[in-house]
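Basis for what follows: all heavy atoms, side chains included, without hydrogens, waters or symmetry-related copies. One-based numbering along the sequence shown.
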Amino acid sequence: MIDDCHAGRITIDYQPGHPHGFVSSIYMGEVAICLPLHDLYGVLDALKAKTTSYPIGLKQATVNTFAWEISFSLFIAQKAVARGDVAYAAGCCFRSVACMNQVLFALNEEYLLNEKGAVAVANSFALCPQDYQQRVESAFALLAADAKSIIDAIAILEGIEQDLSQWYGDRRVIV
């Protein structure tokens with residue numbers, strides 16, 4: 001998996017407990033941050049050595065995989081407006097934010113292990129839209145089963161996506 005990440009090959013699969021999905025690069029991140037209790041033959045040390053610098057292939061693959069979906073998820077969230085379908089809107093908005101987190105972690109060359117607390121962590125990054133966490137939380141606080149609240153929540157997230165796109169533009173990573 002580490003070699004795949006270096007080569008820019010990642011996958012995302014459904015897994016309970018990971019509402020955005022399980023991204024294969026999580027394995028690389030787990031190796032990077034783990035603290036071995038015992039590694040008699042140096043197997044883990046050898047693997048950890050492959051994780052000390054964040055791979056450009058992983059960075060590019062993560063941006064390519066998730067950046068387009070930020071705006072796509074917000075676009076399809078608009079379908080919920082006419083129906084007042086707050087559950088669908090919230091799901092699309094969550095998907096958009098999860099993709100933003102993937103991109104932000106990659107741009108800042110940090111491993112993303114799961115969705116829990118990712119917005120707060122990303123908020124501290126050097127490359128991050130201003131007031132990221134507050135804006136995300138504001139969007140979700142607005143979501144209710146009426147058209148205006150859904151439109152307003154989507155608009156906040158679209159603003160964040162616009163700010164974020166300065167670092168990936170046409171999805172070519174700024175190195």
Next item on the list: Decide if atom CD of Q162 counts as having more than 12 heavy atoms of other residues, nucleotides or ligands within a radius under 6.0 Å.
Entry: no
Would you name the heavy atoms of [X] and [Y] that are closest together and state the gap between them?
X    : Y    : value
C5   : M28  : CB-SD, 3.4 Å
A122 : C128 : O-SG, 3.2 Å
A153 : L142 : N-CD1, 4.0 Å
T51  : Y111 : O-OH, 2.9 Å
E161 : Y168 : OE2-OH, 2.7 Å
I10  : T65  : CD1-OG1, 3.8 Å

Anything under 30° is parallel, anything over 60° is perpendicular, the rest tilted; go ahead and classify [X] against [Y].
X    : Y    : result
F72  : W68  : tilted
F94  : H20  : perpendicular
F105 : F125 : perpendicular

Next item on the list: Apply salt bridge (charged side-chain N to carboxylate O under 4.0 Å, His left out) to the pair K79 and D85, showing each step before the final yes or no.
Entry: CA-CA 8 Å; K79 293 180 177 189; D85 187 348; over 6 Å; no
Margin query: Pair L44, C34 - check side chain to side chain contact (heavy atoms under 4.5 Å, CB included), show working.
Written below: CA-CA 9 Å; L44 200 48; C34 76; 3.6 Å; yes
For the backbone of [Y] and the side chain of [X], can you confirm whether one donor and one acceptor N or O come within less than 3.5 Å of each other?
X    : Y    : result
N108 : E110 : no
N123 : V119 : no
T62  : V103 : no
R9   : M1   : no

Checklist line | Residues N101, E115; criterion side chain to side chain contact (heavy atoms under 4.5 Å, CB included); working and verdict | finding: CA-CA 8 Å; N101 289 337; E115 305 89 341; 5.9 Å; no
Notebook entry, point to check: What residues, two or more places apart in sequence or in another chain, satisfy ring-ring contact (aromatic ring centres under 6.0 Å, His included) together with Y88?
Noted result: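 Here no residue qualifies.
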Checklist line | Side-chain donor-acceptor contact under 3.5 Å, E137 with Q133 | finding: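 Their side chains do contain a donor-acceptor pair, which is all the 3.5 Å distance test asks for.
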Margin query: Between S149 and D152, do the side chains contain a donor N or O and an acceptor N or O under 3.5 Å apart?
Written below: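 Side chains of D152 and S149: no pair found under 3.5 Å.
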Notebook entry, point to check: Applying the side-chain contact (heavy atoms from CB on, under 4.5 Å) test to E158, which of I70, L74, D163 qualifies?
Noted result: L74
Notebook entry, point to check: Hey, do the aromatic rings of Y27 and F22 have their centres closer than 6.0 Å?
Noted result: yes
Margin query: For V97 and L157: C-alpha separation, side-chain torsions, deciding distance, then whether side chain to side chain contact (heavy atoms under 4.5 Å, CB included) applies.
Written below: CA-CA 8 Å; V97 170; L157 297 176; 3.7 Å; yes
Item checked: Qualifying side chain to side chain donor-acceptor pair (under 3.5 Å) pairs with a residue from residues 37-50, counting only residues at least two apart or across chains -> D3-K50
